[in-house]
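Index from 1, following the sequence.
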Amino acid sequence: MKAVVFEQFGTPPAIRNVPDPTPTPDGVVVKVEATGLCRSDWHGWMGHDPDITLPHVPGHELAGTVQAVGAHVKNWKIGDRVTVPFVAGCGHCFECNSGNHQVCERQFQPGFSAWGSFAEYVALDFADTNLVRLPEELDFATAAALGCRFVTSFRAIVDQGRTKPGEWVAVHGCGGVGLSAIMIATAMGANVVAIDLTDEKLDFARQMGAVATVNAAKTENVVRAVKQITKGGAHVSIDALGHPVTCYNSISNLRRRGRHVQVGLMLGDHARAQVPMSKLIAFELEILGSHGMQAFRYGAMMDMIATGKLSPQKLVGHKISLAEVPEALMAMDRFEGLGISVVTSF
């Protein structure tokens, strides 16, 4: 099969012919019909993820059709249309047994702990625990866009942030994660303030539902601006970028008893961020993480998509070919373009 491969961290990936995958006894092989390009893939290529061994095929936001089934798989057959969370739980450890597959102790992550979906085919372990059936009316490009950023934002807004109608939500960073969070928070009845560095992305954020915007490149004090807009501070605030500045601002712009959810990865040079601990204590703030979402929680999100309350297809930006992935992957740290880039031709 054709796949995007890199043999050293930070060196240009290349399209190579590599052996087709085979399923493990509890896994499947999926023909990739679409796969999203995510900044997590860039972090992996840069060497920020200790689970990656070289040579490596990245890619973790995927949708496709089952092509081969392991001997122990009970719930899936060849031809099924599927997607999968980027964190796949083993189904047997303490965390999985408590329903928290997203923090599984033996988690399988395509594109990180194993070869991923920037390829014609991808092998996925723990199929009965993790595969998600796609409705016929959901196209593969939109389904792929759900795979990491959208589901992580859904869990961040709904489950971790416990967002309520009428609350103020601040979203720092209007890339794929941030735009997803804006759309989901709006669907939950919240009022969203979007923060970014460019007017172009902030205009798009308004199209996704933001009722106010702050251009951090033109605003002297972002925290003060958010507090003025929200009349005292956000109830929920999301760092959708993963940077010491956005993390600090997200915590600092909360009102009393507010909830900060860290979604953007803090890796490499950005691994450590300041925390305004005195405010955390005095205001009884909460700091939470959001690491993917369990397969069984997709049902609620899919119902909201089916009824039109969520429209993830609006987040799909450029559709590119597998041949364009190496250049696009290397450029991800420049934060160019709007929405989510999805590979749709192989």
Note to self: Just so I know, are the side chains of Pro13 and Val325 near enough to count as touching, which here means a heavy-atom distance under 4.5 Å?
What the structure shows: no
Check: If we only count heavy atoms from C-beta on, is the Asn191 to Glu167 side-chain gap below 4.5 Å?
Finding: no
Next item on the list: Would you indicate whether Lys314, at its atom NZ, is surrounded by more than 12 heavy atoms from other residues, nucleotides or ligands within a distance under 6.0 Å?
Entry: no
Next item on the list: Check whether Ile251 and Val169 end up in the same hydrophobic cluster, where Ile, Leu, Val, Met, Phe, Trp and Tyr are linked by side-chain heavy atoms less than 4.5 Å apart.
Entry: no
Note to self: Side chains of Thr35 and Ser117 only: does a donor on one sit below 3.5 Å from an acceptor on the other?
What the structure shows: yes
Next item on the list: Would you give the length of the straight line joining atom CD1 of Ile229 to atom NZ of Lys231, rounded to the nearest 0.5 angstrom?
Entry: 9.5 Å
Next item on the list: Please collect all ring-ring contact (aromatic ring centres under 6.0 Å, His included) contacts where either partner lies in residues 75-101, sequence neighbours excluded, each pair once.
Entry: His60-Phe86, Phe86-His291, His101-Phe296
Item checked: Same apolar cluster: Ile195 and Val223, side chain cutoff 4.5 Å -> no
Note to self: Can you tell me if Lys164 has over 12 outside heavy atoms packed within less than 6.0 Å of its NZ?
What the structure shows: yes
Check: Looking only at heavy atoms, what is the nearest atom pair of Ala127 and Val73, with distance?
Finding: CB-CG2, 4.2 Å
Item checked: Heavy-atom pair of closest approach, residues Val343 and Ser321 -> CG1-C, 3.8 Å
Check: Taking C-beta and beyond as the side chain, do Pro85 and Val151 meet within less than 4.5 Å on heavy atoms?
Finding: no
Check: Do other residues, nucleotides or ligands put more than 12 heavy atoms under 6.0 Å from Arg206 CZ?
Finding: yes
Note to self: Less than 4.5 Å apart, side chain to side chain, heavy atoms only: is that true for Cys174 and Met208?
What the structure shows: no
Item checked: Closest non-hydrogen atom pair, Ala144 against Gly36 -> CB-N, 4.1 Å
Item checked: Asp49 vs His43 side-chain heavy atoms within contact, under 4.5 Å -> no
Notebook entry, point to check: Are Thr142 and Asp139 close enough that a side-chain donor and a side-chain acceptor fall under 3.5 Å?
Noted result: yes
Note to self: I'd like to know if the side chain of Thr163 reaches the main chain of Ile157, judged simply by a donor and an acceptor atom lying under 3.5 Å from each other, with no hydrogens or angles considered.
What the structure shows: yes
Item checked: Listed once per pair and sorted, the ring-ring contact (aromatic ring centres under 6.0 Å, His included) pairs that draw on residues 118-175, sequence neighbours left out -> none
Check: Roughly how far, to the nearest 0.5 Å, is CE of Met277 from CG of Leu280?
Finding: 5.5 Å
Note to self: Just verifying a value: how many Å separate Thr152 OG1 and Glu61 CD, rounded to the nearest 0.5 Å?
What the structure shows: 8.5 Å
Notebook entry, point to check: Of all residues at least two apart in sequence or in a different chain, which pass the ring-ring contact (aromatic ring centres under 6.0 Å, His included) check with Phe283?
Noted result: none
Next item on the list: For atom OH of Tyr248, decide whether the heavy atoms of other residues, nucleotides or ligands shown that lie under 6.0 angstrom number more than 12.
Entry: no
Notebook entry, point to check: Between CD of Glu120 and CG of Asp20, what distance do you get to the nearest 0.5 Å?
Noted result: 8.0 Å
Check: If you round to the nearest 0.5 Å, how far is CH2 of Trp115 from CD1 of Ile52?
Finding: 12.5 Å
Check: With the 4.5 Å side-chain cut-off for hydrophobic clustering, are Leu329 and Phe112 part of the same group?
Finding: yes
Check: Have Asn215 and Asp199 got a donor and an acceptor in their side chains that come within less than 3.5 Å?
Finding: yes
Margin query: Is a donor from one side chain sitting under 3.5 angstrom from an acceptor on the other, for Ser237 and His260?
Written below: no
Checklist line | Glu286/Arg162 under salt bridge (charged side-chain N to carboxylate O under 4.0 Å, His left out): CA gap, chis, key distance, verdict | finding: CA-CA 11 Å; Glu286 295 182 54; Arg162 308 186 304 281; 2.8 Å; yes
Note to self: I want to check something: taking the side chain as every heavy atom from C-beta on, are Ser180 and Leu315 in contact at a cut-off of under 4.5 Å?
What the structure shows: yes
Margin query: If you compare all heavy atoms of Gly232 against all heavy atoms of Arg255, which two are closest, and at what distance to 0.1 Å?
Written below: O-CB, 3.4 Å
Check: Nearest heavy-atom pair of Asn253 and Ala170: which atoms, and what distance?
Finding: OD1-CB, 3.7 Å
Check: Nearest heavy-atom pair of Thr129 and Cys90: which atoms, and what distance?
Finding: OG1-O, 4.2 Å
Check: Any chance CD of Gln274 has more than 12 other-residue heavy atoms, nucleotides or ligands included, within less than 6.0 Å?
Finding: no
Next item on the list: May I ask you to decide whether Arg256 forms a salt bridge with Glu284, counting only side-chain N to carboxylate O separations under 4.0 Å?
Entry: no
Check: Within a strict 4.5 Å, meaning less than it, do heavy atoms of the Arg133 and Arg81 side chains meet?
Finding: no
Next item on the list: For the pair Arg149 (side chain) and Val177 (backbone), establish whether a donor and an acceptor sit closer than 3.5 Å, ignoring hydrogens and angles.
Entry: no
Next item on the list: May I ask you to decide if Lys77's main-chain N or O and Asp80's side chain share a donor-acceptor pair within less than 3.5 Å?
Entry: yes
Check: Distance from Gln67 atom CD to Lys31 atom NZ, nearest 0.5 Å?
Finding: 7.0 Å
Notebook entry, point to check: Just wondering, are more than 12 heavy atoms of other shown residues or ligands nearer than 6.0 Å to CD in Glu327?
Noted result: no
Notebook entry, point to check: Do the non-hydrogen side-chain atoms of Val30 and Val82 ever get within less than 4.5 Å of each other?
Noted result: yes
Next item on the list: Indicate whether any N or O donor in one side chain lies under 3.5 Å from an N or O acceptor in the other, for Gln107 and Gln109.
Entry: yes
